[in-house]
Amino acid sequence: MTNLSVELAPRHASGLSLKNPVLAASGTFGYGNEYAKLIDVNRLGAVVSKAITLRPREGNAQPRIAETPSGMLNAIGLQNVGLNVAVREKAPMWASWSVPVIANIAGFTVDEYVRVAETLSETPGVAAIELNISCPNVASEGEMFGLSGASAALVTREVRAVCDVPLLVKLSPNVTDIVEIARAVVDAGADALTLINTIPGMVIDVRRRQPYLANLTGGLSGPAIRPIAVRMVWQVAQAVDVPIVGVGGVASTDDALQFIMAGASAVQIGTGTFVNPGTMLDVVDGLQVFLESEGIEDVNDLIGVAARRAETNFEA
Amino acid sequence: MTNLSVELAPRHASGLSLKNPVLAASGTFGYGNEYAKLIDVNRLGAVVSKAITLRPREGNAQPRIAETPSGMLNAIGLQNVGLNVAVREKAPMWASWSVPVIANIAGFTVDEYVRVAETLSETPGVAAIELNISCPNVASEGEMFGLSGASAALVTREVRAVCDVPLLVKLSPNVTDIVEIARAVVDAGADALTLINTIPGMVIDVRRRQPYLANLTGGLSGPAIRPIAVRMVWQVAQAVDVPIVGVGGVASTDDALQFIMAGASAVQIGTGTFVNPGTMLDVVDGLQVFLESEGIEDVNDLIGVAARRAETNFEA
Amino acid sequence: MKTGLASVIANDEIAERVYVVRLEEPDQARDVRAGQFVHVKCGGTADPLLRRPLSVLRTGANPRNRLPAGQYDVLYDVVGRGTDLLSHLRPGDLVDVLGPLGQPFQIERTTKRLLLVGGGVGIVPLVALAEEALRRQLEVTLLAGFRNARKAFPANLVPEEVEYVVATDDGSLGHAGLVTALIPSYLNWADQLCACGPKPMLKALTELPRTRKLPTQIAMEEHMGCAMGVCLGCVVPTRHGYQRVCRDGPVFSLEEIIWS
Amino acid sequence: MKTGLASVIANDEIAERVYVVRLEEPDQARDVRAGQFVHVKCGGTADPLLRRPLSVLRTGANPRNRLPAGQYDVLYDVVGRGTDLLSHLRPGDLVDVLGPLGQPFQIERTTKRLLLVGGGVGIVPLVALAEEALRRQLEVTLLAGFRNARKAFPANLVPEEVEYVVATDDGSLGHAGLVTALIPSYLNWADQLCACGPKPMLKALTELPRTRKLPTQIAMEEHMGCAMGVCLGCVVPTRHGYQRVCRDGPVFSLEEIIWS
Ligand SMILES: Cc1cc2nc3c(=O)[nH]c(=O)nc-3n(C[C@H](O)[C@H](O)[C@H](O)COP(=O)(O)OP(=O)(O)OC[C@H]3O[C@@H](n4cnc5c(N)ncnc54)[C@H](O)[C@@H]3O)c2cc1C
Ligand SMILES: Cc1cc2nc3c(=O)[nH]c(=O)nc-3n(C[C@H](O)[C@H](O)[C@H](O)COP(=O)(O)OP(=O)(O)OC[C@H]3O[C@@H](n4cnc5c(N)ncnc54)[C@H](O)[C@@H]3O)c2cc1C
Ligand SMILES: Cc1cc2nc3c(=O)[nH]c(=O)nc-3n(C[C@H](O)[C@H](O)[C@H](O)COP(=O)(O)O)c2cc1C
Ligand SMILES: Cc1cc2nc3c(=O)[nH]c(=O)nc-3n(C[C@H](O)[C@H](O)[C@H](O)COP(=O)(O)O)c2cc1C
Ligand code: FES
Ligand code: FES
């Protein structure tokens, strides 16, 4: 009776309609099969793959992860099998599933992004592409693509031109004005936005008196960043008219509802799955229960409801 | 035997030498006397006052605070007694203490900052001024002063011109490039930098389907933000040559050591005091124990040690 | 006032998801007055982060209470993560407690008949106050409202000498309806009123039919950060501007408060 | 493999700050093999956030172990916040456990004399392996290194049939010095070696005087995020690139590993 399905790419011919708004976040669900013994992957709204780069990558040295209060840092360094293996070995598996798989892609030059996107967009089994722009741009002294509206728009535009499937762009939170970046990326052709990627952080190993991670810094994820992610989703939702996929610290149905009410059409869950592999399916079930108990017929009616209420209830 | 004292304003005639590197953070220790029944305030390195504005401020409506995973949001709205009462009633009390009191100041125009700074800098009992630039700038459509190098430098320069005591500038973390802001502010005359202020966040009350805080957003503090704060201190320490005061989520001696090893000359403790009023003095004692057990004579030898080690140990 | 590690003597469920934990911390037990609260760390890690404010139910310092001098009782309803962690405490465990904090209720010198009105866990400080009043040989009536019979506190929690009248929202125990509906018949009897409970209940006190001035004190609740008066997170609007529930309160004179 | 709420049957300190917790979760007890581990949530809140990997010491599924079929034992050294939380568990508590995980030790078909070398808690999976080996009637020697006598595990933790030789860093029990110094005299006796312990100990195995090929498996440790093979946080460099300790290991052939 109640409807949990959402559309992530209304501007695109495919629509990218998902049976529910709960996705596995990139880098936290491998290529989608690793958790198959524990959960029914086909019950998810969608799976986002680990970042795929043009060539296979070894990733960073150890240590790669560190626990922090209600969070964790990771500095995996985009270890992945590379485009060819993804196309040859992973995509056929994805094509056999009923759950759509969104390929997360990364690169260090615009050309790399374009080549990966072009190939994947033509590969059966890839339902959409998520552009990870939190990568160092070799051409700009390693500054991340996602840190300026101009470079974020540039890579989005070039990828858009070669990408036939829906295109999600995943924003870095590490900016003064997330709204500016969001607008630039939407203008450049993004069908939807995913936010947020991890926030750069550092832990010092005080015994050894040096940074704990071999990479020095790592990306902060988990419940610790949830209030920041919800705030950014809220801000961007007021400013753009494409669907937003909220991500950052979701560990429960209430957390997912926070994102949806702040303006997200769907959520991704990453670190929450590490802590409890059942989190995503618990949230799918929990949303169903919430809608029924509150007498709401369609989850779409909840998207951004907090902004509409705040307008009437606060003078802010 | 071991030395815990640090200098926060080596460029300034006064030096601002503190007997230890542990300070009470602004807004979390009132005007310094509220905790007197619980701890010996004179054992602190320094106390930073609640933000003082030109006129008294009522602050925001309720709710003003929300708990988040390993953190809290606050949206107090700079409630304070205002400059006149601070000078008349608080400063004489400060003047009678052996612990230096640093007055944190806030404003909504450059002129407000200047007037508050000028008066306080001439007031006995005020050892230094900490400029809180995370305030909305009325002249720039309410964008925070701290969000651009230019406006941060502007307010720093104007305040510097009227401020005879040492000047600390407290940076907002909510920027793409904290190093750029830090450099601008140091060039404009800051004796030291304090970082970080809180990170904007939001919690949605899913029962009421609206933002929980009356102010919609609030500032995230506490252990959740510590890895972000340590990373920013590290980045800024590589770029500027004035002392840095690290703040964000310190709750133990090890946390304080992380900041110091990342490049901070001192730490401030805020939310940690709410959780455990003894935190600051525990850290003072803990630093002493650490130095002794590691055979280090001077805490100054630890400042930035992690960067020096990382250079030799990692190829980063 | 101090931060102390109190040891758990007992922790028993006295109504549905409502517990009384008996703590031993002599300094805190000695100092506490009715209406004051303690600020309790729940669990030993950074999540949940903040302490939880809880009123003191009774202290061994009052010889009327049958518990050792160094002990005191705190009553809590399990409503969230912090109180849930408390419900797992067992005798011998240590809890980090800050307090006692805040301004207590003040019984006026002329008061002879004290009317107490409590909603839910709001009756906790009123039980403490009743003990103080009985020590001074006052007559005390406690009107208590609960959601239903399962949430109602057993009568043995309230001193025998107190006239204890219960109302439940669903009528499953005592009078059916709001506790405030019971007040009017006591208005002529009482010469002081003290109340604690949810905001709508307290606000309803401003609308009672008053034939004469009845000094009224209320204990307020607000979410707290520091509980030491510094964070300004717990303020309520009063006729002299925002006041802090943790330091200027939690007990306020009813007429001071500005209701929204 | 599953996520299950295991109930605590017992939780006892067996050496200084070293505990054995007995858990009941029949599916996990049934499936687990020596060298595999479980991933344990410590405390019920977001801090500490991540699960902790702990090897299984013995399972009721092996009839040699005197414990009910649905139960298994995990041994842990209290080294930080997660293991400290575990040390407060009491019988009847529930713990959220994911597992069993990882690749077990493999006893080669031709092995008759199994040499086990463990450092500290590294002997845990070796005790499990000894039980498996004894079931197949192998001869087993376990060389165990501990920091000192207080940290050494009592001999009754190790099956009687095993030759159990202890070394301590400070000589307070057994041989003084590193456990690896004991290995050479067993090299001719053994036809397979399995080891687990700190990295320097494992690395030292590559430098043993070898007169003939001795098949050697080692169980590695790395900090873990998911323990399901997806986060790539736990990798170790091997001759076929980075391998995941949680999924491709923790047991690796010694010669696969590239030491830095
Ligand atoms: C002065 C004072 C005295 C109190 N005395 C008692 C008492 O004797 N017995 C009792 O059961 N309760 C009492 N309360 C309410 C009690 O503090 C809350 O029920 C408790 O903090 C809830 O914590 P939680 O983690 O279980 O709930 P959660 O909802 O998980 O708490 C989340 C956050 O909200 C805060 N919070 C939630 N509800 C309240 C509330 N009603 N008041 C203040 N903060 C709240 C928590 O402290 C925490 O910071 C009192 C509150 C105040 C201010
Ligand atoms: C496959 C495997 C099997 C293990 N088996 C056992 C066992 O049987 N008994 C035992 O006592 N210990 C075992 N360990 C080590 C155990 O996981 C750590 O001691 C434990 O995680 C420490 O947690 P903590 O919260 O007490 O320490 P903290 O230092 O507070 O932990 C902080 C973070 O570092 C991680 N961490 C710290 N030390 C280690 C370590 N040595 N290995 C992996 N992660 C670590 C923690 O998991 C956590 O994420 C094993 C480790 C692995 C990888
Ligand atoms: C171990 C790890 C690896 C990740 N790898 C990627 C990646 O390859 N591409 C990407 O866009 N995001 C990656 N992320 C970021 C997550 O997809 C997500 O944006 C972030 O973790 C916040 O969500 P969470 O708090 O639910 O984990 C990774 C996160 C983690 C923890
Ligand atoms: C309740 C509260 C009020 C604050 N008020 C101020 C303020 O008036 N001026 C200021 O510069 N910072 C203020 N801060 C920020 C703190 O000084 C500090 O930068 C921040 O909380 C991070 O440190 P912490 O994690 O130790 O709390 C406030 C923080 C809190 C929690
Ligand atoms: S709780 Fe901080 S001022 Fe009252
Ligand atoms: S712990 Fe995540 S891959 Fe091994």
Side-chain angles (χ1 to χ4, degrees), chain B residues 24-39 47 49-51 56-81 212-214 218 221-224 226 249 251-252 255 270-279 282, chain C residues 1-5 27-28 31 38-53 79-83 95-102 199 220-238 240-248 257-260:
Chain B
S26 177
T28 68
F29 210 64
Y31 300 100
N33 53 324
E34 291 86 343
Y35 275 92
K37 274 195 189 163
L38 285 178
I39 67 169
V47 167
S49 77
K50 174 72 195 163
R57 283 177 57 89
E58 277 259 292
N60 292 328
Q62 281 289 7
R64 289 179 167 189
I65 59 176
E67 193 183 48
T68 69
S70 296
M72 65 177 279
L73 295 180
N74 87 78
I76 307 303
L78 295 176
Q79 178 181 341
N80 80 101
V81 296
Y212 178 78
L213 297 174
S221 65
R226 192 198 310 138
S252 71
D255 301 342
T271 307
T273 298
F274 300 168
V275 176
N276 174 9
T279 305
D282 288 351
Chain C
M1 184 209 309
K2 67 182 277 195
T3 329
L5 282 181
D27 296 329
Q28 293 173 338
D31 286 349
V38 288
H39 210 31
V40 182
K41 180 82 181 101
C42 307
T45 80
D47 182 57
L49 183 68
L50 300 172
R51 291 169 182 265
R52 297 328 194 220
V79 297
R81 293 177 335 133
T83 46
V95 206
D96 182 350
V97 182
L98 165 62
L101 300 166
K199 251 185 216 154
M220 306 272 295
E221 281 187 9
E222 269 305 336
H223 288 216
M224 290 189 178
C226 64
M228 290 293 295
V230 299
C231 76
L232 308 178
C234 68
V235 298
V236 286
T238 77
H240 342 97
Y242 277 124
Q243 299 275 308
R244 300 161 298 182
V245 169
C246 69
R247 193 122 174 165
D248 307 310
I257 303 300
I258 298 172
W259 302 95
S260 54

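No hydrogens, no waters, no symmetry mates; every other heavy atom, side chains included, goes into these values. Below, chains carry the letters A, B, ... as their sequence lines are ordered, and counting in each starts from 1.
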Which answer fits [X], side chain, backbone, both or neither, if we ask what part of it has an atom under 4.5 Å from a heavy atom of chain C?
X: Ala61(B); answer: both
X: Phe29(B); answer: backbone
X: Thr273(B); answer: neither

Would you mind checking which part of Leu98(C) comes under 4.5 Å of any heavy atom in chain B, side chain (CB onward), backbone (N, CA, C, O), both or neither?
-> side chain
Gap between atom [atom2] of [Y] and atom [atom1] of [X] - 0.5 Å precision:
X: Cys234(C); Y: Gln62(B); atom1: SG; atom2: CD; value: 7.5 Å
X: Met228(C); Y: Thr28(B); atom1: CE; atom2: OG1; value: 12.0 Å
X: Asn276(B); Y: Arg51(C); atom1: CG; atom2: CZ; value: 6.0 Å

Partner set under salt bridge (charged side-chain N to carboxylate O under 4.0 Å, His left out) for Asp27(C), not counting sequence neighbours = Lys2(C), Arg30(C)
Which residue out of Glu58(B), Lys37(B), Met72(B) racks up the most heavy-atom pairs below 4.5 Å with chain C?
-> Glu58(B)
Between [X] and [Y], is any pair of side-chain heavy atoms under 4.5 Å apart?
X: Cys231(C); Y: Asn74(B); value: no
X: Val275(B); Y: Lys41(C); value: yes
X: His223(C); Y: Pro63(B); value: no

Pick from Leu232(C), Val236(C), Asp47(C) with the largest number of heavy-atom pairs that fall under 4.5 Å of chain B | Leu232(C)
At their closest point, which heavy atom of Phe274(B) faces which heavy atom of Cys226(C), and how far apart are they?
-> CD2-CB, 3.4 Å
Minimum-distance pair of heavy atoms, taken over all atoms of Leu49(C) and Pro223(B) = CD1-CD, 3.8 Å
